Amino acid sequence: MRVHVADHPLITHKLTVLRDESTSSPVFRALVEELMTLLAYEGTRNVRVAPVEIQTPVATTTGVRIADPRPIVVPILRAGLGMLEGMVKLVPTAEVGFLGMARNEETLEPTTYAERLPEDLSGRQCFVLDPMLATGGSLAAAMEYLFARGADDVTAICILGTPEGLEAVEKAMHGREVTIVLGALDERLNEHGFIVPGLGDAGDRLYGTV
């Protein structure tokens, strides 16, 4: 499992504002989208491309295009939706699937309540979007879901992560081809399974408590 923690002053600056409890939901949403585009740049370093010949105003040259089959972006509902626009702005040709997962706040175990994905993901690169890598349970379950459908390369892009979450995902993936990109690696989980110092509940701060 490869882990990349983004190290850029703009990312740290935007994370600082996200962490601030006084930041309003509209500002929070805008910052998540901006931050996601920066993280997506890091997360797509190994996106598969194919050569293509083009004609410039001066000469013929060879460049690259996103290879087939196209990558698929999978936000984990609901908080992952706040990251989607920033990702598809960078990779507009990617397909989008959805995976609804919720964490039982007593057991901290994930449950899947909805999905909209191709039945066959063979040969596909998948990019999972989830703001918070806390216990690692939801992310590991989402990755397992994608691998079970044939995906051979999964990258997760998260705003924040914890050492406990990374360890849990690494154990669950059994040496599969997995990359995790983080905006920051925080200190720890508290007794309630929340990231410390963290930024609170990302879904609530994006969309409210309903």
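Worth saying up front: this structure is predicted, and the values here are computed from it rather than measured. Below, each value reflects all heavy atoms present in this structure, side chains not excepted, and no hydrogens, waters or symmetry copies.
Residues L18 and L10 fall within the same hydrophobic cluster, defined by Ile, Leu, Val, Met, Phe, Trp and Tyr side chains chained together at heavy-atom separations under 4.5 Å. Note on Y113 and Y207: same hydrophobic cluster, where clusters join Ile, Leu, Val, Met, Phe, Trp and Tyr whose side-chain heavy atoms are under 4.5 Å apart, directly or indirectly.
A heavy-atom distance below 4.5 Å is found between the side chains of I11 and L35. The closest side-chain heavy-atom distance from V88 to E85 is below 4.5 Å. Residues L121 and Y145 fail the side-chain proximity criterion, which asks for heavy atoms closer than 4.5 Å.
The closest donor-acceptor contact from the side chain of R124 to the backbone of L146 lies at 3.5 Å or more, if one exists at all. Without hydrogens or angle criteria, T162 side chain to R188 main chain gives no donor-acceptor distance under 3.5 Å. The closest donor-acceptor contact from the side chain of H192 to the backbone of F194 lies at 3.5 Å or more, if one exists at all. Side-chain atoms of R205 do not come within 3.5 Å of backbone N or O of G200 as any donor-acceptor pair.
Atom CE of residue M83 and atom CD1 of residue I159 lie 5.0 Å apart, to the nearest 0.5 angstrom. Rounding to the nearest 0.5 angstrom, the gap separating the OG1 atom in T179 from the CD atom in E42 is 12.0 Å. Between atom OG1 of residue T23 and atom CG of residue L31 there is a gap of 7.0 Å, rounded to the nearest 0.5 Å. Taken to the nearest 0.5 Å, the CZ atom of R19 stands 10.5 Å off from the CZ atom of F28. Atoms CG and CD, from L189 and E164 in turn, are 4.0 Å apart once rounded to the nearest 0.5 Å. Note: L160 CG to L15 CG = 6.0 Å, rounded to the nearest 0.5 Å.
Of all the heavy atoms in L77 and G100, the pair that sits closest is CB-CA, 3.9 Å. Taking both residues in full, the closest heavy atoms of G183 and L39 are given as CA-CD2, 3.7 Å, listed atom of the first, atom of the second, then distance. In plain terms, the two heavy atoms of S138 and M101 that are nearest each other are O-SD, 3.5 Å. Heavy atoms only, all atoms of each residue included: L206 and A79 are closest at CD1-O, 3.5 Å. Taking each heavy atom of V96 and P75 in turn, the nearest pair found is CG1-CD, 4.2 Å. The shortest non-hydrogen separation linking F147 to E177 is CZ-O, 3.7 Å.
When the salt bridge (charged side-chain N to carboxylate O under 4.0 Å, His left out) test is applied to E119, the partners found at least two apart in sequence or on another chain are R149. Take E187 and apply the salt bridge (charged side-chain N to carboxylate O under 4.0 Å, His left out) test, not counting sequence neighbours, and it matches no residue. For S24, the side chain to side chain contact (heavy atoms under 4.5 Å, CB included) partners at least two apart in sequence or on another chain are P26, V27. Under the side-chain hydrogen bond (donor to acceptor under 3.5 Å, both in side chains) criterion, R176 pairs with E144, sequence neighbours left out.
Remark: R29 does not engage E33 in a salt bridge, criterion side-chain N to carboxylate O under 4.0 Å.
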Side-chain donor-acceptor distances from residues 59-74 under 3.5 Å, at least two apart:
| unit_1 | atom_1 | unit_2 | atom_2 | d |
| --- | --- | --- | --- | --- |
| T60 | OG1 | Q55 | OE1 | 2.7 |
| R70 | NH1 | T93 | O | 2.9 |
| R70 | NH2 | E95 | OE2 | 2.9 |

Indicate every side-chain donor-acceptor pair of residues 125-133 with a distance under 3.5 Å to a residue at least two apart or in another chain.
| unit_1 | atom_1 | unit_2 | atom_2 | d |
| --- | --- | --- | --- | --- |
| Q125 | OE1 | R48 | N | 2.9 |
| Q125 | NE2 | N46 | O | 3.1 |
| Q125 | NE2 | D153 | OD2 | 3.4 |

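Remark: of the listed residues E170, M143, H4, M143 is the sole one forming a side chain to side chain contact (heavy atoms under 4.5 Å, CB included) with I180.
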